[in-house]
Amino acid sequence: MAEERDVTASAGDKERAAGELSSWRARIDVIDGQLMRLLNSRSACAVEIGRVKRKLALPVYSPEREAAILERVSRENPGPLDSTAVRRVFERIIDESRRLERLAAEGTEE
């Protein structure tokens with residue numbers, strides 16, 4: 001019978017792994033801050049687009065534009081997210097942008 005080996009990590013290995021985990025989480029926190037700033041910047045653009053669409057009497061929903069965005073981000077996606085995941089994320093971002101555009105077009109921004 002094969003000899004059993006102790007596969008549990010040593011205290012030093014656990015300490016290094018805990019430090020590595022903490023480091024990765026800190027990096028995610030920084031990225032989350034960057035994402036928040038970028039999403040708010042994008043949202044501000046959507047508000048302005050809503051105001052312009054109101055002046056031009058254009059509809060808020062632009063299926064051609066949304067399809068073009070989704071196609072572009074899927075095509076330019078370097079991974080590791082697959083295209084389906086990228087599409088779902090951007091569909092949600094676009095939904096929220098459209099909501100802000102609609103509010104701005106109605107003159108009822110939050």
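Side chains are part of it too, since the values below use all heavy atoms of this structure and drop only hydrogens, waters and symmetry mates.
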Checklist outcome for this item: For Arg42 and Ser97, the nearest pair of non-hydrogen atoms, with its separation, is NH1-OG, 2.7 Å
Next on the checklist: Could you report the tightest heavy-atom contact between Leu81 and Asn77, atom names first, then the distance?
Outcome noted: O-ND2, 2.6 Å
Hey, what do you get for [atom1] ([X]) to [atom2] ([Y]), rounding to the nearest 0.5 Å?
X      : Y     : atom1 : atom2 : answer
Leu100 : Cys45 : CG    : SG    : 11.5 Å
Leu35  : Ile93 : CG    : CD1   : 8.5 Å
Asp32  : Leu39 : CG    : CG    : 10.0 Å
Arg16  : Ser10 : CZ    : OG    : 6.0 Å

Next on the checklist: Using only atom types and a distance under 3.5 Å, with no angle test, would you say the side chain of Ser74 pairs donor to acceptor with the backbone of Leu70?
Outcome noted: yes
Next on the checklist: So if I apply the salt bridge (Lys or Arg N to Asp or Glu O under 4.0 Å) rule between Glu101 and each of Lys53, Arg54, Arg65, which one comes out positive?
Outcome noted: Lys53
Close side-chain approach of [X] to [Y], heavy-atom, < 4.5 Å:
X     : Y     : result
Glu66 : Tyr61 : yes
Gln34 : Ile31 : yes
Asp95 : Arg98 : yes
Arg37 : Asn40 : no
Val73 : Val89 : no
Leu21 : Arg25 : yes
Val47 : Arg51 : yes

Item to check | Criterion salt bridge (Lys or Arg N to Asp or Glu O under 4.0 Å) on Glu96 and Arg92, from CA distance to verdict | outcome: CA-CA 6 Å; Glu96 287 303 315; Arg92 189 66 184 133; 3.1 Å; yes
Next on the checklist: Just to verify, what does Arg75 make a salt bridge (charged side-chain N to carboxylate O under 4.0 Å, His left out) with, not counting sequence neighbours?
Outcome noted: Glu71
Checklist entry - Mind checking whether Ile69 and Val86 sit in one hydrophobic cluster, side chains of I, L, V, M, F, W, Y counted as touching below 4.5 Å? => result yes
Checklist entry - Would Leu58 end up clustered with Val52 when hydrophobic side chains under 4.5 Å apart are linked, directly or stepwise? => result yes
